[in-house]
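Sharing a structure below in structure tokens format, with a few things to ask.
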Amino acid sequence: MIEISGVPFHSSTSWPAGSLERSIVDQMMNSSATFSYRSMNEQQFEVELRRSIIRSSRILNQSNAAFEVFETSRSNPMYWYTTRYGGFQLRPGARPSVAIDDIYRNSHMYGFECATAMVIVYYHAVLNVIGPAKFDQLFPDLYLYSWNFDPDLALQTGFSAQFVPGDVVYFNNPQYHPQTPEWRGVNAVLLEDGTYYGHGMGIMRADQMIASLNESRAPWATQPAYLTNMVTRPGFAYLASVAQIRSQRPEKVKYPVIEHNECSISFDRYVYYLNNTHLNGPTP
């Protein structure tokens, strides 16, 4: 269900019938979870960003960007420096908005794994909602590597029995073949028609995604792949608020980069590494 200022919201007629936005709102209203907003503007921002996430996912799926493990990741050297860990560091003087857009415009020059793809989708989607000037202000020093993210993206994860289009979910392959660890799982965006986009997999139904992962299990495997109930989302309300700030914001403290060299991990696993790096150091 949807609540705005504590009042249940029952109508999706603000969006045209058959539109992607209408589909998103209808599924939110029919969800057992409660989506609470302080205002209609805040709700509309989330719907628009979810629509943008879906659009960015479909465009990336149609692009020539390759699926690569970290060792073979590549990027356009005009905008990015590919580190020895397989991450993409924004070059000094490059505009973040132009560099993110270049991944889509010159996709044949790029190769990355599926967690990195999800973060790229998020940045591209936010860029198309808030515009290049605001994007460059919020994300001046991008580093793309696995689930590493800027604090202003405000990614958060939780568990849900139901998903909404624009959510990122995780298909887990607990007994993956040791020779293909990149298929330990797949991060995927739920699209409006119930299919999922996973970089390296394409757009598939859930059963097709699971069947594909099952082909990459160890010979002794007894447990099949499955769709977890974990959901990852950007901080919609937070982004809606910071997008309205016109003054210069104070310098932010960034999260450390956990260079773990494990392709296709879930956001939850990355956060675990992030929270424990002060105790054990980065995972080798």
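Everything quoted here is computed from the prediction, not taken from an experiment.
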Can you list the residues that meet the ring-ring contact (aromatic ring centres under 6.0 Å, His included) rule with Phe139, with sequence neighbours excluded?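 Listed in chain order: Tyr123, Phe135.
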Can you pull the side-chain hydrogen bond (donor to acceptor under 3.5 Å, both in side chains) pairs that have at least one residue in residues 221-231, sequence neighbours excluded?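 Counting only pairs at least two positions apart or across chains, the side-chain hydrogen bond (donor to acceptor under 3.5 Å, both in side chains) contacts touching residues 221-231 are Asn172-Tyr226.
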N/O donor-acceptor pair under 3.5 Å between Tyr170 side chain and Thr232 backbone: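 Absent.
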Which residue pairs satisfy the ring-ring contact (aromatic ring centres under 6.0 Å, His included) criterion with at least one member in residues 173-193, sequence neighbours excluded?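 Those involving residues 173-193 are Phe67-Trp183.
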Please list, chain by chain and in numerical order, all residues satisfying salt bridge (Lys or Arg N to Asp or Glu O under 4.0 Å) with Arg95, sequence neighbours excluded.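 Arg95: salt bridge (Lys or Arg N to Asp or Glu O under 4.0 Å) contacts with Asp136.
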By ring-ring contact (aromatic ring centres under 6.0 Å, His included) - contacts of Phe70 (at least two apart):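 By the ring-ring contact (aromatic ring centres under 6.0 Å, His included) rule, Phe70 matches Tyr145, His260.
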Could you pull out all residues at least two apart from Ala206 that satisfy side-chain contact (heavy atoms from CB on, under 4.5 Å)?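 side-chain contact (heavy atoms from CB on, under 4.5 Å) check on Ala206 returns Phe171, Tyr196.
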Quick one: which residue pairs count as a side-chain hydrogen bond (donor to acceptor under 3.5 Å, both in side chains) with a foot in residues 73-83, not counting sequence neighbours?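 As it turns out, the side-chain hydrogen bond (donor to acceptor under 3.5 Å, both in side chains) pairs with a partner in residues 73-83, which skip direct neighbours, are Glu68-Arg74, Ser75-Thr82, Asn76-Asp102, Trp80-Tyr110, Thr83-Tyr143.
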Under 3.5 Å: donor-acceptor pair, side chain of His124, backbone of Ile53: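 Side chain of His124 to backbone of Ile53, a donor-acceptor pair under 3.5 Å: no, none is there.
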Just to verify, what does Glu46 make a salt bridge (Lys or Arg N to Asp or Glu O under 4.0 Å) with, not counting sequence neighbours?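 Result, salt bridge (Lys or Arg N to Asp or Glu O under 4.0 Å) vs Glu46: Arg50.
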Okay, side chain of Arg91, backbone of Met78: is any donor-acceptor separation there less than 3.5 Å?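 Not at all, since once roles are kept as given, no pair shorter than 3.5 Å links the two residues.
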Tyr85: ring-ring contact (aromatic ring centres under 6.0 Å, His included) partners, not counting sequence neighbours: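 Per chain and number, Tyr85 pairs via ring-ring contact (aromatic ring centres under 6.0 Å, His included) with no residue.
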Measure from the side-chain N and O atoms of Asn276 to the backbone N and O of Tyr272, and report whether any donor-acceptor pair falls under 3.5 Å.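 Here the side-chain-to-backbone pair exists.
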With sequence neighbours left out, which residue pairs that include part of residues 107-119 fulfil the salt bridge (charged side-chain N to carboxylate O under 4.0 Å, His left out) condition?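 Every candidate salt bridge (charged side-chain N to carboxylate O under 4.0 Å, His left out) pair involving residues 107-119 fails, so no pair, neighbours aside, qualifies.
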What pairs with Asp207 under side chain to side chain donor-acceptor pair (under 3.5 Å), at least two apart in sequence or on another chain?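 Result, side chain to side chain donor-acceptor pair (under 3.5 Å) vs Asp207: Arg205.
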For Phe149, give me all partners under ring-ring contact (aromatic ring centres under 6.0 Å, His included), at least two apart in sequence or on another chain.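 Phe149 satisfies ring-ring contact (aromatic ring centres under 6.0 Å, His included) with Tyr255, Phe267 only.
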